[in-house]
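These figures come from a predicted structure and were not determined experimentally.
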Amino acid sequence: MAKMPESPASRAKAKAAAPSKSAETKTGTARQGPPRQPGVERRTNHPARAKHGHIQLILTQHVPHLGSSGDVVKVKPGFARNYLVPQGLATFATPNNLKLVEKHRQRIKQLEEARRADLQNLAAQIAQRSLTIEANANAEGHLYGSVNADQIADALKAEGFPIQSDNVRIEGPLKELGLYAIRINLGQDIEGELKLWVVPTHVDENAS
């Protein structure tokens with residue numbers, strides 16, 4: 001059977017129904033979205049800005065009236081760029097730097113907790129001990145001299161305790177024989193209480 005020639009009207013309908021390559025290309029571009037423009041994304045290491053035109057910095061050293069090392073402070077941009085940063089007193093509070101500071105703070109906190117645990121253990125050991133210091137005294141129990149913080153600290157050192165005279169809390173030199181409860185301040189609000197006996201110096205009665 002002979003093929004009938006297509007009429008001009010049929011060819012026009014087929015052309016209208018078939019999508020053009022140009023339309024397909026435009027559709028594909030629309031699906032992918034517009035191309036990224038450089039500089040649109042926020043840089044991960046960009047300095048953090050505070051409100052009211054201030055900028056955030058991390059102090060690397062103590063700055064009077066501003067803060068200590070590791071503190072995050074808000075200052076004017078000119079003060080930051082013209083003085084603090086050039087002088088090495090601070091660095092910009094970028095997200096990366098803030099993470100480093102947080103890790104440092106966590107490490108310091110762990111060290112402080114470990115130190116505090118050691119001091120609490122030392123206080124418990126001191127509380128379980130009783131020390132004796134001999135001193136010359138008369139028949140009524142009055143010392144000819146006195147027992148002071150230095151002597152108490154030395155007695156504790158002899159027992160293996162790392163105590164300085166500044167750690168010993170007494171209101172004044174001890175001038176009487178007897179039993180005393182001595183406070184030993186170890187720092188970080190931790191104290192141990194020591195039982196201290198002040199006894200008369202032993203005299204050998206058989207000595208001539």
For residues 105-125, please give each side-chain donor-acceptor pair under 3.5 Å, one per line with the distance, not counting sequence neighbours.
from	atom 1	to	atom 2	distance (Å)
Arg105	NH2	Gly70	O	2.8
Arg116	NH1	Gln188	O	2.7

Throw together a table of side-chain donor-acceptor distances under 3.5 angstrom for residues 158-174, partners on residues two or more places apart or in other chains.
from	atom 1	to	atom 2	distance (Å)
Glu159	OE1	Arg129	NH2	2.5
Gln164	OE1	Lys157	NZ	3.4
Ser165	OG	Asp150	OD1	3.3
Asn167	OD1	Gln164	N	2.8
Asn167	ND2	Asn185	O	3.0
Arg169	NH1	Asp166	O	2.3

Give every donor-acceptor pair under 3.5 Å between a side-chain atom in residues 57-65 and any protein atom, sequence neighbours left out.
from	atom 1	to	atom 2	distance (Å)
Thr60	OG1	Gly88	O	2.7
Thr60	OG1	Leu89	O	3.1
Thr60	OG1	Ala90	N	3.4
His62	ND1	Gly67	O	3.2

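Taking CG from Leu196 and CG from Leu156, the interatomic distance works out to 8.5 Å, rounded to the nearest 0.5 Å. For the atom pair CG (Asn138) and CG (Leu143), the distance works out to 8.5 Å, reported to the nearest 0.5 Å.
Asn148 is linked by a side-chain hydrogen bond (donor to acceptor under 3.5 Å, both in side chains) to nothing, counting only residues two or more places apart in sequence or in another chain. Judged as a side-chain contact (heavy atoms from CB on, under 4.5 Å), and not counting sequence neighbours, Gln128 has no contacts. For His104, there are no side-chain hydrogen bond (donor to acceptor under 3.5 Å, both in side chains) partners two or more places apart in sequence or in a different chain.
Contact check for Ile55 versus Val75: side-chain heavy atoms found under the 4.5 Å cut-off. When side chains are defined from C-beta on, Asn97 does not count as touching Val101, because their heavy atoms never get closer than 4.5 Å.
Among pairs with a residue in residues 67-88, those fulfilling ring pair (Phe, Tyr, Trp, His ring centres under 6.0 Å) read Phe79-Tyr83, at least two apart in sequence or across chains. Counting only residues at least two apart or in different chains, salt bridge (charged side-chain N to carboxylate O under 4.0 Å, His left out) contacts with residues 179-199 comprise Arg183-Glu191.
For the pair Pro77 and His54, the tightest heavy-atom approach, listed with the atom from each and the gap, is CD-CA, 4.3 Å. Contact between Phe92 and Arg81 at its shortest, heavy atoms only, is CZ-CG, 4.1 Å.
Applying the 4.5 Å side-chain rule to ILVMFWY residues, one finds Trp197, Val199 in the same cluster as Leu179.
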